[in-house]
Number of protein chains: 2
Amino acid sequence: MTEGTPDRPPTRRPGGRNARVRARILAATAELVARDGIAGFRYEEVAETAGVHKTSVYRNWPDREDLVVEAMLRYAEDLASVADTGDIHRDLVDFLVALAGGLATPFGQTLEQALLPARQSTTLRQALGRILEERVAAMRVRVDAAVERGELPPVDSSFLGEMVSGPVHLVVNRGTRPFTRADADRIVGVVLAGIRATAPHA
Amino acid sequence: MTEGTPDRPPTRRPGGRNARVRARILAATAELVARDGIAGFRYEEVAETAGVHKTSVYRNWPDREDLVVEAMLRYAEDLASVADTGDIHRDLVDFLVALAGGLATPFGQTLEQALLPARQSTTLRQALGRILEERVAAMRVRVDAAVERGELPPVDSSFLGEMVSGPVHLVVNRGTRPFTRADADRIVGVVLAGIRATAPHA
DNA sequence: TCATAAAAGCGACAAAAAGTTGCTTTGAGT
DNA sequence: ACTCAAAGCAACTTTTTGTCGCTTTTATGA
């Protein structure tokens with residue numbers, strides 16, 4: 001046997017066309033998962049929407065979940081981060097408005113579609129966890145800072161996060177009425193007042 | 001033409017076997033939709049789970065959505081209604097605990113699975129609306145009564161409902177930690193305190 | 001600029017699931 | 001006990017999924 005070929009790994013080609021094709025596929029995937037769900041979207045329709053051949057989708061992502069995960073991570077970057085005004089009420093309202101806006105986009109809908117299936121899939125769960133955590137972290141910093149400067153009593157910032165964003169998800173997902181800045185303001189007002197009122201009066 | 005046969009509609013047979021078959025199919029549907037979603041569950045697996053032949057499913061419900069809707073409505077009856085203790089805090093905590101429990105069942109999961117698709121389907125949207133409304137109505141009565149007897153300031157009871165149940169959905173759907181009575185107590189405490197604090201001080 | 005080969009396009013598949021149809025069998029209601 | 005609505009059954013078509021071998025394009029490195 002002529003052991004001449006040292007079977008080096010094929011040189012990747014991440015540039016140019018490949019990148020273009022992959023980007024188009026991921027965009028199409030986000031769009032279709034948003035509409036039809038993880039179990040519901042069809043590879044062939046992804047290919048058509050992306051203007052790409054079916055085999056290009058299958059060969060890049062033989063696994064359905066991997067495709068969805070990568071599409072989610074790709075667009076997670078676009079998360080609108082809100083400014084730090086130094087006023088926690090204002091910051092939270094901005095955060096909720098941005099959240100509501102984000103949930104309405106294909107990317108946000110894809111996240112929602114991934115939520116329930118994540119119970120059964122480790123990869124989905126991890127990806128989702130990473131994205132949400134990142135999103136929450138920025139707000140956690142602001143809350144802790146507000147506590148630091150005495151604007152709020154000591155508070156579990158993840159609890160506060162759940163309290164304000166829970167109702168947003170509910171309203172947006174139900175989709176029967178638009179979520180306005182007034183809604184956000186009312187929610188934040190009640191939660192902050194409630195936290196101040198129930199704090200241990202040192 | 002011998003117009004002898006007045007083509008009367010076939011006499012229905014809602015009793016006995018038919019009822020049994022339909023019940024089994026609806027139960028299997030709820031179970032599988034809970035796991036795999038509306039787009040994901042398979043007719044054949046429904047049939048197997050129900051111990052029934054495939055055609056019995058197709059002929060009873062040629063339409064996928066109709067099947068899901070009927071399964072939802074069937075089990076909506078089992079909604080645990082909570083007692084009226086006359087103490088709004090207690091009532092709300094009980095409500096949230098029952099809600100969290102209900103969301104964990106196959107029926108609750110089916111509702112969640114139907115939430116996003118409801119955007120695109122009128123039938124789903126109507127069924128879902130009817131079920132949720134019913135659930136909220138009982139609590140609305142208690143809230144209004146609490147306002148009436150001065151336990152709470154005048155408050156939009158559907159807003160209050162969103163405030164307390166929003167976080168519950170969030171925690172249960174994320175599924176990373178169990179939802180306890182302590183969680184419910186904390187949520188209701190903050191929301192009620194916040195509402196009292198932000199009320200127009202007459 | 002040119003040669004190489006990675007990766008896309010293409011069409012033809014096989015396999016699985018979805019959905020349909022005609023007939024036979026069962027059993028609820030009269 | 002008879003009847004016929006509805007379930008069981010099997011064979012079928014259609015649609016969707018996923019794979020394969022080959023040709024064409026084109027990014028990359030010499």
Side-chain angles (χ1 to χ4, degrees), chain A residues 4-29 31-33 35-71 74 113 117 121, chain B residues 4-29 31-33 35-71 74 113 117 121:
Chain A
T5 49
D7 62 67
R8 46 168 168 62
T11 60
R12 298 285 89 173
R13 288 193 176 184
R17 181 160 71 155
N18 180 292
R20 229 151 37 228
V21 166
R22 290 176 64 96
R24 294 179 62 90
I25 290 175
L26 291 178
T29 300
E31 192 179 319
L32 294 182
V33 171
R35 197 189 62 194
D36 300 329
I38 290 184
F41 83 95
R42 287 178 24 239
Y43 264 53
E44 204 140 20
E45 199 177 359
V46 169
E48 287 164 18
T49 306
V52 149
H53 197 268
K54 189 175 66 156
T55 47
S56 295
V57 186
Y58 275 113
R59 288 208 253 246
N60 272 282
W61 292 278
D63 185 88
R64 211 180 171 76
E65 265 178 18
D66 291 344
L67 173 55
V68 174
V69 164
E70 218 162 310
R74 178 79 161 60
Q113 296 278 16
S121 155
Chain B
T5 50
D7 63 69
R8 44 161 171 67
T11 61
R12 296 287 90 177
R13 289 193 175 184
R17 181 160 71 154
N18 180 292
R20 227 150 39 229
V21 166
R22 291 176 63 96
R24 295 179 61 90
I25 291 175
L26 292 179
T29 301
E31 192 179 319
L32 295 181
V33 171
R35 197 188 63 194
D36 300 330
I38 291 184
F41 83 97
R42 288 175 26 235
Y43 264 53
E44 204 141 19
E45 199 177 359
V46 168
E48 287 164 18
T49 306
V52 150
H53 199 268
K54 189 174 68 157
T55 46
S56 294
V57 187
Y58 276 112
R59 288 208 253 245
N60 273 282
W61 293 279
D63 185 88
R64 212 179 172 73
E65 264 177 18
D66 291 344
L67 173 55
V68 174
V69 164
E70 219 162 309
R74 179 79 160 59
Q113 295 277 17
S121 156

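Any value given below was found using the heavy atoms of this structure, including those in side chains, with hydrogens, waters and symmetry copies removed. Numbers restart at 1 for each chain; the letters A, B, ... are given by sequence-line order, proteins then strands. Values in this document were obtained by computation on a predicted structure and should not be read as measured data.
Listed nucleotides C:dA28, D:dT17, C:dG19 differ in distance to B:Arg20; the shortest reach to its side chain belongs to C:dA28.
For the pair A:Arg64 CZ and D:dG18 C1', the computed distance is 11 Å after rounding to whole Å. For B:Lys54 and D:dA6, the NZ to P distance is 21 Å, given to the nearest whole Å. What separates OH of B:Tyr58 from C1' of C:dA18 is a distance of 4 Å, to the nearest Å. Across the protein-nucleic acid pair, A:Asn60 atom CG and C:dA6 atom P stand 15 Å apart, rounded to whole Å. B:Arg24 has its CZ atom 13 Å from the C1' atom of D:dA7, to the nearest Å. If you measure from atom NE2 of B:His53 to atom P of C:dT26, you get 15 Å, rounded to the nearest angstrom. Across the protein-nucleic acid pair, A:Trp61 atom CH2 and C:dA8 atom C1' stand 13 Å apart, rounded to whole Å. Between the CD atom of B:Glu44 and the C1' atom of D:dT14 there is a distance of 15 Å, rounded to whole Å.
Under 4.0 angstrom from either OP1 or OP2 of D:dT17 there lies no side-chain N or O belonging to A:Tyr43. Residue B:Thr55 has no polar side-chain atom (N or O) positioned under 4.0 Å from OP1 or OP2 of D:dG8.
A:Tyr58 places none of its side-chain heavy atoms less than 4.5 Å from the side chain of A:His53. Residues A:Leu32 and A:Arg35 have side chains in contact (heavy-atom distance under 4.5 Å, counting atoms from C-beta outward). At a threshold of 4.5 Å between non-hydrogen side-chain atoms, the residues A:Leu67 and A:Tyr43 count as touching.
Place B:Gly51 and A:Arg42 on DNA chain D by their nearest nucleotides, and B:Gly51 ends up nearer the 5' end.
In terms of heavy atoms, A:Arg64 sits closest to A:Ala39 at NH2-O, 3.2 Å.
Counting atom types as modelled, B:Arg59 pairs a side-chain N or O with a base atom of C:dG22 as donor and acceptor under 3.5 Å.
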